[in-house]
Protein chains: 2
Amino acid sequence: MKMSQLSAASDTPVATIKFYLRENLLPGGERSSPNQARYDAVHLRRIRLIHGLIDVGGLSVAAARRVIEAIDSELPLPETFEIAQRSVSADLDPATIDAGALARVDALLAGWRVSETNPGRLAAASVLETFEEIGHVDHRGWFAGYAAAALLVAEADLDEVDALPGREAKAETVVVGTVLGDALFSGLRRAAQEHVSSLRYSGSADSEPAPSPNRETPTTKE
Amino acid sequence: MKMSQLSAASDTPVATIKFYLRENLLPGGERSSPNQARYDAVHLRRIRLIHGLIDVGGLSVAAARRVIEAIDSELPLPETFEIAQRSVSADLDPATIDAGALARVDALLAGWRVSETNPGRLAAASVLETFEEIGHVDHRGWFAGYAAAALLVAEADLDEVDALPGREAKAETVVVGTVLGDALFSGLRRAAQEHVSSLRYSGSADSEPAPSPNRETPTTKE
DNA sequence: AACTATCGGATAGCGCCGCTGTCTATAGTT
DNA sequence: AACTATAGACAGCGGCGCTATCCGATAGTT
């Protein structure tokens with residue numbers, strides 16, 4: 001497969017593919033002569049992954065590169081996981097984060113085994129700090145629902161990863177799931193908000209009440 | 001409060017405040033003469049809100065403006081909610097979205113009352129399409145866990161909004177909750193991932209699954 | 001062997017975005 | 001009167017994600 005074919009198959013301009021090559025998002029093709037190279041299905045798939053990470057997942061090119069390097073590395077899964085997490089989180093200096101906000105996050109995370117430097121913990125704390133700055137305080141356990149939901153999603157993520165065969169597949173799923181999972185969840189959350197507010201405010205009159213919130217497909221993790 | 005004091009209090013350069021004024025993110029101060037104006041606590045709070053939306057929530061200036069306009073409008077809550085949702089979602093043309101992916105989203109949303117044009121539904125479909133393009137298929141009900149979790153969060157959101165007094169407070173909470181809630185959830189999700197994988201892979205040996213509410217000793221790394 | 005389309009590679013530039021710096025005329029402060 | 005701060009207009013800047021142009025070498029065709 002030549003460059004032009006790769007371009008057509010991936011619906012990506014040649015100049016952009018060259019850019020990805022330059023940025024080490026995409027490995028070079030197999031050289032057939034000093035200035036010719038062949039590409040294959042691996043490259044095509046990789047381009048689609050790049051588009052997913054950047055366009056759908058909203059990663060920067062730099063973050064996408066770190067994430068892809070993590071997949072390609074031969075590191076054990078936990079390290080890959082951690083690199084993926086750090087690559088997609090703003091790296092916050094723990095020292096700059098409000099101690100009170102951190103304490104409130106830790107209260108939400110009570111009983112969880114989470115390291116002090118977990119980027120999610122720090123990010124959550126800075127969100128709580130922002131809520132407080134603009135005068136929104138969680139009187140009623142609002143955020144406890146978020147923590148419970150996060151646990152549910154994390155169980156689903158790990159179930160999926162556990163079920164996959166090799167390190168490569170697990171690693172890619174971890175990384176892709178981390179990035180795209182955020183986007184998927186926020187979409188589903190918007191849909192759920194409409195659903196719940198429709199149930200509460202417009203009553204169950206015009207359409208069937210739909211009492212069973214879940215589908216026929218496999219069981220949710222208990 | 002003069003401009004310089006507002007700047008100091010909000011930790012925002014004067015030039016940036018002027019920029020926010022120009023961009024209509026911030027209302028002008030009360031004029032005391034053709035080239036003097038006074039600002040108050042409302043302006044300060046607004047600047048903090050802007051920072052929250054942009055820095056923590058990751059909104060663009062344009063999206064932040066739309067969202068703020070929605071709060072300030074006198075529209076009824078459902079309309080405000082919808083504007084907020086649309087303002088923070090990429091607007092996808094339903095026609096460009098893969099029908100199969102849409103069908104799979106609708107399966108996840110079975111029984112939910114969600115309009116066809118709900119931006120979250122479309123966004124979720126494009127995420128599923130991306131998963132498929134890179135060869136990740138949900139064999140095991142992975143995403144059903146996401147839908148259940150989204151429902152949980154939406155209930156928590158609506159509980160909070162219901163408990164608040166006036167339209168203004170509800171509207172701001174809806175909007176801020178929508179934007180910052182995504183960030184909060186993804187942080188908590190990362191923490192939960194570490195927790196769950198720690199439980200599963202490093203066993204419950206060195207530490208207990210712990211009813212103990214606080215983390216003085218994390219030690220969980222690997 | 002000649003011809004032409006395409007290739008890879010390097011480099012420069014572009015368009016958008018979120019500010020930031022500079023200027024002027026005026027107002028408050030001492 | 002001297003000095004500083006202000007509103008408002010406008011130009012510019014730095015980073016990012018590409019995109020366009022040029023080059024010399026080659027592959028495929030004749």
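Sequence lines set the chain letters: A, B, ... in the order given, protein chains first and strands last, and positions in each chain run from 1. Both backbone and side-chain heavy atoms feed into the values below; hydrogens, waters and symmetry mates do not.
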Between [atom2] on [N] and [atom1] on [X], what's the gap in Å once rounded to a whole number?
{"X": "A:Ile17", "N": "C:dT6", "atom1": "CD1", "atom2": "P", "value": "16 Å"}
{"X": "B:Leu53", "N": "C:dC19", "atom1": "CG", "atom2": "P", "value": "12 Å"}
{"X": "B:Leu21", "N": "C:dG18", "atom1": "CG", "atom2": "P", "value": "17 Å"}
{"X": "A:Arg38", "N": "C:dT6", "atom1": "CZ", "atom2": "P", "value": "14 Å"}
{"X": "B:Gln5", "N": "D:dT4", "atom1": "CD", "atom2": "P", "value": "18 Å"}
{"X": "A:Asn35", "N": "D:dG28", "atom1": "CG", "atom2": "C1'", "value": "14 Å"}
{"X": "A:Met1", "N": "C:dT6", "atom1": "CE", "atom2": "C1'", "value": "16 Å"}
{"X": "A:Arg22", "N": "C:dA12", "atom1": "CZ", "atom2": "C1'", "value": "10 Å"}

Point-to-point distance, once rounded to the nearest 0.5 Å, from CZ of B:Phe81 to CG of B:Leu75
14.5 Å

When you compare the side chains of A:Asp157 and B:Trp142, does any donor N or O come within less than 3.5 Å of an acceptor on the partner?
yes

Side chains of B:Arg65 and B:Ser87 only: does a donor on one sit below 3.5 Å from an acceptor on the other?
no

From the set [options], return the single nucleotide nearest to any side-chain atom of [X].
{"X": "A:Met3", "options": "C:dC7, D:dC18, D:dG28", "value": "C:dC7"}
{"X": "B:Phe19", "options": "C:dG21, C:dG18, D:dT26", "value": "C:dG18"}
{"X": "A:Lys18", "options": "C:dG9, D:dA7, C:dT20", "value": "C:dG9"}
{"X": "B:Thr16", "options": "C:dT20, C:dG8, D:dT19", "value": "C:dT20"}

When all nucleic acid strands are considered with a 4.0 Å heavy-atom cut-off, which category describes A:Ala37: base, sugar-phosphate, or nothing?
sugar-phosphate

Could you tell me whether B:Ser60 contacts a base, only the sugar-phosphate backbone, or nothing, with contacts defined as non-hydrogen atoms closer than 4.0 Å?
sugar-phosphate

On DNA chain D, nearest-nucleotide positions of A:Gln36 versus A:Tyr20: which is more 5'?
A:Tyr20

So, are A:Lys170 and A:Glu160 salt-bridged, with charged N and O less than 4.0 Å apart?
no

Please determine whether a side-chain nitrogen of the Lys or Arg among B:Arg104 and B:Asp138 lies less than 4.0 Å from a carboxylate oxygen of the Asp or Glu.
no

Has A:Ser33 got a side-chain N or O lying under 4.0 Å from the OP1 or OP2 atom of D:dA27?
yes

Is there a side-chain contact between B:Tyr39 and the phosphate of D:dA7, meaning an N or O under 4.0 Å from OP1 or OP2?
yes

